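Working notes, beginning with the structure itself.
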Number of protein chains: 2
Amino acid sequence: MPAAAAPGTTAGTAGTSSADSAGASKSVRRRAGRPSAALLDQAGITAAALELIGRKGYDGLTMAALARQLDVAPSALYNHVASKRDVLLLVEDHLAALVDVSGFGAGSWEDAVRTWAWSYRDVFAQHTPLIPVIAVLPVTDAPQTLAMYETVSGGFLAAGLPEERIVSAIVALESFIFGSAYDVTAPADIFDAGSMAGATPHFTAAVRSLAARGDERPADVAFGLGLEALITGLGALRR
Amino acid sequence: MPAAAAPGTTAGTAGTSSADSAGASKSVRRRAGRPSAALLDQAGITAAALELIGRKGYDGLTMAALARQLDVAPSALYNHVASKRDVLLLVEDHLAALVDVSGFGAGSWEDAVRTWAWSYRDVFAQHTPLIPVIAVLPVTDAPQTLAMYETVSGGFLAAGLPEERIVSAIVALESFIFGSAYDVTAPADIFDAGSMAGATPHFTAAVRSLAARGDERPADVAFGLGLEALITGLGALRR
DNA sequence: CTTATAAATGAATGCCATTCATTTAGTGAT
DNA sequence: ATCACTAAATGAATGGCATTCATTTATAAG
């Protein structure tokens, strides 16, 4: 857990072990009506969603399952979120706080970017179904994500990148990170050409010679290779 | 299991220009039973799916809509594809053939990569819902995609990249391309911090100064920046 | 002529997100 | 105290979705 960022606002609730409201499985039958204390809130929904995702994966994350996890009727969720997409947004923003931006302001710019990029990829490799959501997500709707951008922007500016290229540089890195996150989840034999191998000699040979020197995970090798290239190339913009 | 199946008898029809069977909207009521010539085949299904995607987007691509487009009952589709995922695979492989690999073997390696990467991104920017599918797709199931890899591998080898790094280099570029494809579809105001702008001075300033010099599309600027960095970095591996 | 089969039908099935009328328990004002 | 208001729950629809299955039938093969 890289920790870090976790900007002030919601830090109070976020700090508590997220399991509490998630695990509530009292089988006590409740009647409709306003309870003494609200059963649901966004923090509880987020925690329950994460718990569910961890146990059953994203296929298991249905509004019905989420409601059951919280011992509540599915329709009750809609008092606190407008849609399932909203739930995914809550989860996404929670995860953004786990990305390690501690390197910015500490060591070299290169090392800070390395730490950030690897942890960013690692976090979202476990949550690839969120990537299509993030990609189109206005930052306004995700405060933790926005906080991450602020820290990274500050680090880039301090390192001497021209202000007008900072967003482009971040976007380029992020695009690479998201694409690479998918890569982590790919099956090991994804490049096995099978019966078509005869028709693709160059590619088949390349796949074989990669596999031959295989201690490190292929996805990690590719990520390291691309990341170092990006760091060098983007670093050259500094003045 | 996709590919294989393709009942031999009807293979002849598969070779025909795929557009014909897509537009078939005869309202003639048919009875159950084997028709004189098969109404459906994978080429026709692919063409109809592309037509539908172009007209209604991926939300409009349902098995029911696809069947209607082909003037057939939804269940009939399952004689030719095992699942909706299979339909997406057919579409993906069709698109792979549109990617421009003509640069390999022609000009410089750098230019070939540029042409390939830009066209690859452009094709899939229109089809981002396919990206999660491609990412986990064994190449065996996608002959056109495999053919693309073969051409690119050959180009990389000819340019002097060590064989054991070719796959990693391609994966790194592809990851960047997929991530960047999402970027193209993002709304223009995605980085507008709105009410949070006060709390994020560096980021907000960076966004503003990017917008200030804005003739080119932001997604294109970021893609160009990252791509040139990758080309330089990966090119340095040549011997 | 018989038989096997590919390829269609349409009627389920089960899952899903979401909506809605309804109920109820607190809160705050009079 | 009483009353009205409202937040937050319920459970019963609703409509859409992919997929399955028993059934039908034209055709090709033997």
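The figures here come from the full heavy-atom set of this structure, side chains too, leaving out hydrogens, waters and symmetry mates. Note that the structure is predicted; figures quoted are calculated from it, not measured. Within every chain, numbering begins at 1; the chains are lettered A, B, ... in the order of the sequence lines, protein sequences first and strands thereafter.
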Options C:dC16, D:dT10, C:dT9, nucleotide nearest the side-chain atoms of B:Val72: C:dT9

Can you find a side-chain donor-acceptor pair between [X] and [Y] that sits under 3.5 Å?
| X | Y | value |
| --- | --- | --- |
| A:Glu174 | B:Tyr182 | no |
| A:Asp100 | A:Thr115 | no |
| B:Glu150 | A:His202 | yes |
| B:Ser175 | A:Asp183 | no |

Between protein and nucleic acid, restricted to nucleotides 18-20 of chain C and to nitrogen or oxygen atoms under 3.5 Å apart, what atom pairs and distances do you find?
from	atom 1	to	atom 2	distance (Å)
C:dT18	OP2	A:Tyr78	OH	2.7
C:dT18	OP2	A:Lys84	N	2.8
C:dT18	O5'	A:Tyr78	OH	3.4

Could you state the atom-to-atom distance from [atom1] of [X] to [atom2] of [N] in whole Å?
| X | N | atom1 | atom2 | result |
| --- | --- | --- | --- | --- |
| B:Arg68 | C:dG10 | CZ | P | 15 Å |
| A:Asp71 | D:dA9 | CG | P | 11 Å |
| B:Leu77 | C:dA6 | CG | P | 18 Å |
| B:Leu66 | D:dT19 | CG | C1' | 14 Å |
| A:Leu70 | D:dA8 | CG | C1' | 14 Å |
| A:Tyr58 | C:dC16 | OH | C1' | 18 Å |

Plane angle bin for B:Tyr120 and B:Trp116 - parallel if under 30°, tilted between 30 and 60°, otherwise perpendicular: tilted

No-H, no-angle donor-acceptor pair, B:Asn79 side chain to C:dA8 base, under 3.5 Å: yes

Output field: ring centroids A:Phe191/A:Phe203 closer than 6.0 Å: yes

Phosphate-side-chain proximity, B:His80 and C:dA8, N/O vs OP1/OP2 below 4.0 Å: yes

